S.K.: 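Sharing a structure below in C-alpha cells format, with a few things to ask.
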Amino acid sequence: MTKKPLLSSSQLVLMSVGSAIAFPYTFMPILNAPPANQDTWIVLFVSIIYILLISTPLLILINVFRGFNVNEVLETIAGRILGKAAAVIFSLFFLFCFVACLLMAVIYINLFILPDTPLWALLLYCAIPISYASLKGAGTIGRLAFFIVPFVILTVLFFFLLGVKDIDLGMLRPVLADSTFLEVNIGGFYTGARYSEILIFFVFSYFLQKKARVNKLFLTAIGVFALSFFFILLPILTHLGAELARHAWNPYFIYTRHVEGYDFIERVQAINTLAWFPVILLKLIIYNYMASYMLSNAANAKSHRGCVIPISVFGSLACLIPLLNKSSTVELLRSDQVFPFVVIPVTFVLPLLLLIAYFFRRKKINKIIEKRKHIADPDV
C-alpha cells in the first residue's frame with residue numbers, strides 16, 4: 001500500500017487559485033455576461049456570492065467526510081452501485097474540462113503565439129508534462145502549484161502597478177446607470193456558475209493535513225482569486241473600455257502590451273505568456289489527475305497511473321478532430337451558452353442530491369464515520 005501524500009494548506013489553496021485564475025488570465029467571459037458594460041466589476045463581486053451558495057452542498061459534505069477519499073464519500077452516501085455511477089459522472093466532467101481546456105490552450109497558442117507550429121506538435125508538447133506530473137500524484141501537483149501560482153499572482157500585481165497611473169475610474173461611472181439589478185445578478189450567476197474549483201477541494205482534501213480547516217482554506221482561496229481577478233479586470237475596463245474588451249480574444253494580453261514605466265520598462269507582455277503557459281498546464285494536470293483518480297477508484301484499480309496516459313491521449317486526439325479544433329468551437333465553449341450549464345449540475349445539483357441523501361441516512365452514515373475515525377485514531 002502506498003503512503004498517502006500530504007498537501008499543505010497553502011498548496012491546496014494555490015491549486016484552487018491557479019486553476020480558477022487560468023481562464024480570466026486567458027479569456028474574460030465575464031465581459032460578455034450581462035450587463036456587458038462598465039458595471040462588470042460589480043458583476044465580479046456579485047458572482048462571489050453565487051460561488052459560495054453553489055459550493056455550499058459540497059463544502060458540507062467535505063467537512064462531514066474528512067478522512068474519506070471522494071469515491072468512499074459517494075459510495076457511503078449512495079451505496080456501491082449509485083456511488084460508482086456518481087463517480088463516473090464526476091470523472092466524465094473532469095474529462096470534459098480537460099479536453100475543453102486543452103483545446104482552448106492549443107488553439108490560442110496556435111493562433112497568437114506559434115502560428116506556424118503544427119497542432120499535433122503543440123499537443124505533444126503539452127501532453128508530456130501533463131502526463132508526467134499527473135503520474136507523480138497529488139503531492140507533486142501541490143508542490144508545482146506552490147511555485148507556479150505565486151509567480152502568476154505577482155505578474156498580476158506587476159502589471160496592475162505599472163498601469164495604475166493610467167487608470168481612469170471615470171470610465172466606470174455612472175455606476176448602475178446602464179444596468180438593472182436583474183442583469184447584474186444574471187451576470188453574477190453565469191460567472192459564479194463557471195467556478196468548479198470546489199471540486200478540487202472535494203478530491204484533494206483527502207490528501208490534506210489532518211488539522212487543516214477546509215472552510216477557512218476555501219474562503220481564503222475565494223478571496224485570493226477574487227482579488228486577483230479584480231486586479232486583472234479593473235485595468236482592462238479602464239484602459240481598453242468594456243466595448244473593445246468584449247470583442248478581444250485575450251483582452252488582458254492586449255492590456256499588458258501597452259504597459260510601460262520608468263522610461264525603460266516596456267514590451268513586457270512576454271511575462272504574461274511566461275506566466276500563462278505554466279498555469280494552464282497546472283489546470284490541465286489537476287483535471288487529468290482528478291479524472292484518473294476517480295476512474296481508477298471506481299474500477300477498483302490499485303493506482304490512478306493506468307488512466308493518466310489514456311486520458312492525455314484521448315484529449316489530444318479529440319483536439320485533432322477537424323470539427324473541434326476551430327476558433328468558433330473555442331468561442332462556443334468559452335461562452336455562457338455552454339460552461340455554466342455543464343458545471344452547475346456537477347458542482348451543485350448532484351452534490352445537493354447527495355447531501356439530501358446523507359440527511360435521510362445520517363444515523364447509519366454517522367456510525368460508519370465514527371467507526372472510521374476510531375480505527376484511524378483509537379484514542380478518539
Side-chain angles (χ1 to χ4, degrees), residues 15 18-20 22-23 25-27 87-138 140-141 144-145 148 194 196-197 199-200 203 249-250 273-299 301 303-335 338-339 342-343 346:
M15 286 167 61
S19 176
F23 267 14
Y25 211 91
T26 314
F27 308 110
V88 170
I89 292 172
F90 279 112
S91 300
L92 291 175
F93 172 77
F94 295 144
L95 182 60
F96 167 81
C97 288
F98 176 75
V99 174
C101 295
L102 181 61
L103 179 65
M104 292 180 191
V106 295
I107 293 295
Y108 177 77
I109 294 171
N110 194 239
L111 288 176
F112 297 100
I113 301 175
L114 299 171
D116 297 323
T117 304
L119 198 61
W120 65 264
L122 294 176
L123 288 165
L124 182 63
Y125 185 68
C126 292
I128 292 174
I130 291 169
S131 300
Y132 179 78
S134 186
L135 284 168
K136 287 295 184 178
T140 296
I141 297 172
L144 282 173
I148 293 172
R194 290 173 172 273
S196 61
E197 276 63 37
L199 295 172
I200 293 177
V203 174
W249 256 58
N250 189 337
T273 304
L274 189 63
W276 170 80
F277 186 64
V279 82
I280 282 291
L281 285 182
L282 177 65
K283 186 180 184 77
L284 290 165
I285 290 165
I286 289 171
Y287 278 95
N288 181 297
Y289 177 82
M290 290 195 296
S292 303
Y293 181 78
M294 291 198 70
L295 278 175
S296 61
N297 278 354
S303 172
H304 74 286
R305 295 183 177 184
C307 296
V308 170
I309 294 177
I311 286 175
S312 295
V313 171
F314 175 82
S316 299
L317 292 177
C319 292
L320 290 173
I321 298 173
L323 183 64
L324 293 181
N325 57 32
K326 298 178 180 179
S327 58
S328 58
T329 303
V330 175
E331 286 284 356
L332 178 64
L333 285 174
R334 73 190 186 111
S335 72
V338 176
F339 250 92
V342 174
V343 174
V346 182

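Keep in mind that what you see is a predicted model, and the values were worked out from it rather than measured.
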S.K.: Roughly how far, to the nearest 0.5 Å, is the CG atom of L199 from the CZ atom of F90?
M.R.: 6.0 Å

S.K.: Just wondering, do F98 and M290 contact through their side chains at under 4.5 Å, heavy atoms?
M.R.: no

S.K.: Does any part of the side chain of F112, heavy atoms only, come nearer than 4.5 Å to the side chain of T273, both counted from C-beta?
M.R.: no

S.K.: Do M104 and F23 have side-chain heavy atoms sitting under 4.5 Å apart?
M.R.: yes

S.K.: Could you tell me whether the side chain of R194 reaches within less than 4.5 Å of the side chain of V343, counting heavy atoms only?
M.R.: no

S.K.: Say you draw a straight line from OG of S292 to CG of L135; how long is it, rounded to the nearest 0.5 Å?
M.R.: 8.0 Å

S.K.: Test side-chain contact (heavy atoms from CB on, under 4.5 Å) on F93 and M294; report intermediate values, then the result.
M.R.: CA-CA 11 Å; F93 172 77; M294 291 198 70; over 6 Å; no

S.K.: Considering non-hydrogen atoms only, spot the tightest contact between A133 and I285 and give its length.
M.R.: CB-CD1, 3.6 Å

S.K.: Minimum heavy-atom separation for C307 to L295, with atom names?
M.R.: SG-CB, 4.2 Å

S.K.: Going by heavy atoms in the side chains, are F27 and L333 under 4.5 Å from each other?
M.R.: no

S.K.: Does any non-hydrogen side-chain atom of S196 lie less than 4.5 Å from one of V346?
M.R.: no

S.K.: How close do L324 and A318 get, counting heavy atoms only, and between which atoms?
M.R.: CD1-O, 3.2 Å

S.K.: Among side-chain atoms of Y289 and T140, is any donor-acceptor pair under 3.5 angstrom?
M.R.: no

S.K.: Listed by chain and number, what are the side-chain hydrogen bond (donor to acceptor under 3.5 Å, both in side chains) partners of S296, not counting sequence neighbours?
M.R.: none

S.K.: Going by heavy atoms in the side chains, are N297 and Y293 under 4.5 Å from each other?
M.R.: yes

S.K.: Show your reasoning for whether side-chain contact (heavy atoms from CB on, under 4.5 Å) applies to S316 and L124.
M.R.: CA-CA 8 Å; S316 299; L124 182 63; over 6 Å; no

S.K.: How many angstroms lie between atom CG of L102 and atom CD1 of I107, to the nearest 0.5 angstrom?
M.R.: 9.5 Å

S.K.: Taking the six-membered ring for Trp, is the centroid-to-centroid distance between F277 and Y108 below 6.0 Å?
M.R.: no

S.K.: Just by distance, do the side chain of T329 and the backbone of L323 share a donor-acceptor pair under 3.5 Å?
M.R.: yes

S.K.: Using side-chain contact (heavy atoms from CB on, under 4.5 Å), reason through L114 and Y125 one step at a time and then give a plain yes or no.
M.R.: CA-CA 12 Å; L114 299 171; Y125 185 68; over 6 Å; no

S.K.: Rounded at 0.5 Å granularity, tell me how far CZ in F314 sits from SG in C319.
M.R.: 9.5 Å

S.K.: Can you give me the closest heavy-atom contact between L111 and S327, atom names plus distance?
M.R.: CD1-CB, 4.1 Å

S.K.: Tell me whether N110 contacts the main-chain N or O of T117 through its side chain, where contact means a donor paired with an acceptor under 3.5 Å.
M.R.: yes

S.K.: Going by heavy atoms in the side chains, are Y287 and I311 under 4.5 Å from each other?
M.R.: no

S.K.: Can you measure from CG (L281) to CD1 (I128) and round to the nearest 0.5 angstrom?
M.R.: 11.5 Å

S.K.: Provide the closest heavy-atom pair for E197 versus S19 in the form atom of the first, atom of the second, distance.
M.R.: OE2-OG, 2.6 Å

S.K.: Which pair of non-hydrogen atoms, one from F339 and one from C97, has the smallest distance, and what is that distance?
M.R.: CE2-SG, 4.5 Å

S.K.: Mind running side-chain contact (heavy atoms from CB on, under 4.5 Å) on I280 and C101 for me, showing each step along the way?
M.R.: CA-CA 8 Å; I280 282 291; C101 295; over 6 Å; no

S.K.: Answer yes or no: is there a donor N or O on one side and an acceptor on the other, between the side chain of S134 and the main chain of I130, under 3.5 Å?
M.R.: no

S.K.: Using 0.5 Å steps for rounding, measure from the CG atom of L144 to the CE atom of M15.
M.R.: 9.5 Å

